[in-house]
Amino acid sequence: MAEKQPGSPQDDHPSGSSPAVRPDQIQQLVDTCREAKHFSYCPYSSFPVGAAVLTWDGKVFSGCNVENASYPLAVCAERTAIQKAVSEGYTRFRAMAVASNKQEAFVAPCGACRQVLREFGKEWDVYLTKPDGSYIVKTLEELLPYCFGPEDLKTP
Ligand code: THU
C-alpha cells in the first residue's frame with residue numbers, strides 16, 4: 001500500500017501541498033457526498049449530511065452523519081468518511097466534499113471535524129457544496145488556521 005504516516009513529507013510533491021484535484025475527481029466527490037447524504041441517520045436533528053473523501057491514490061470513501069438517542073454520541077458525516085478510509089489503511093488525502101440540504105448555504109465541517117481532518121495534513125482541499133451542486137473550496141489551513149497537529153508533538 002502506498003500510504004504514509006500523517007505529517008510525513010509528500011515526495012511526489014516537494015512543497016508538501018496537494019497537486020490539483022482533477023475536474024472529474026471533483027465531480028465524483030460532489031456526486032458521492034450527495035448520494036451519501038441519503039443514508040444519513042438523523043432522526044433527532046433531521047439534518048442529513050454526506051461526505052466523500054478522495055485518497056492520495058484516487059480511492060473515494062463516503063460517509064453520513066449517524067446520530068444516537070444519547071445525543072452527544074452523534075458522529076458527523078466527515079468523520080464517518082475519514083474513519084472508514086483510515087480503518088482500511090488510507091491516511092493520505094487529496095480532497096473531501098460535504099453536502100447538506102440547506103439550499104442557501106455551503107455546508108462547512110464543524111470544528112471537531114476540522115481538527116480530525118487536519119490530523120492528516122493542512123494542504124488538502126475541502127469542497128463545501130450546496131444542494132444545487134455548486135461549491136466553494138477551502139484548504140484545511142484556511143478552515144483551521146493556527147492549528148495543533150501531529151508535528152507539534154514531535155520533540156526537537
Ligand atoms: N453534522 C455533520 O455531519 N457535519 C457537519 O459538518 C455539521 C453537522 C451533523 C451532526 C448532526 O448529526 C447534525 O449534522 C446536526 O448538527
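Values in this document were obtained by computation on a predicted structure and should not be read as measured data. Numbers here simply count residues along the sequence, with the first being 1. Each ligand, and each atom within it, is numbered from 1 in the order the structure gives.
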J.: A108 heavy atoms, cut-off 4.0 Å: which ligand 1 atoms fall inside?
T.: 6 (O)

J.: Check the angle between the aromatic planes of Y90 and F61 and answer parallel, tilted or perpendicular using the 30° and 60° thresholds.
T.: tilted

J.: In the protein, what heavy atom is nearest to atom 11 (C) of ligand 1, and what distance, to one decimal place, separates them?
T.: E67 OE2, 3.2 Å

J.: Using a 4.0 Å cut-off to any heavy atom of S45, which atoms of ligand 1 qualify?
T.: 13 (C), 15 (C)

J.: Do C64 and Y41 have side-chain heavy atoms sitting under 4.5 Å apart?
T.: no

J.: So does E151 pair up with R118, basic N to acidic O under 4.0 Å?
T.: yes

J.: If you measure from each heavy atom of C113 to ligand 1, is any distance below 4.0 Å?
T.: no

J.: Specify whether the nearest protein heavy atom to atom 1 (N) of ligand 1 is under 4.0 angstrom away.
T.: yes

J.: Return the residue, atom name and 0.1 Å-rounded distance of the protein heavy atom closest to atom 5 (C) of ligand 1.
T.: E78 OE2, 3.4 Å

J.: Going by distance only, is there an N or O of C76 that falls short of 3.5 Å from an N or O of ligand 1?
T.: no

J.: Taking C-beta and beyond as the side chain, do L117 and F93 meet within less than 4.5 Å on heavy atoms?
T.: no

J.: What I want to check is whether the side chains of D24 and Q28 have a donor and an acceptor closer together than 3.5 Å.
T.: no

J.: Do any heavy atoms of P109 fall under 4.0 Å from ligand 1?
T.: yes

J.: May I ask you to list the atoms of ligand 1 that are less than 4.0 angstrom from any heavy atom of C110?
T.: 6 (O)

J.: Which residue and atom name correspond to the protein heavy atom nearest atom 3 (O) of ligand 1, and how close is it?
T.: A77 N, 2.9 Å

J.: Using a 4.0 Å cutoff against the non-hydrogen atoms of N65, which atoms of ligand 1 qualify?
T.: 3 (O), 9 (C), 11 (C), 12 (O), 13 (C), 14 (O)

J.: With no hydrogens and no angle check, just 3.5 Å: does a side-chain donor-acceptor pair link E67 and S45?
T.: yes

J.: So V49 and C33, do their side chains get closer than 4.5 Å, heavy atoms only?
T.: no

J.: Would you mind checking if K130 and D132 are paired as a salt bridge, meaning a charged N to carboxylate O distance below 4.0 Å?
T.: no

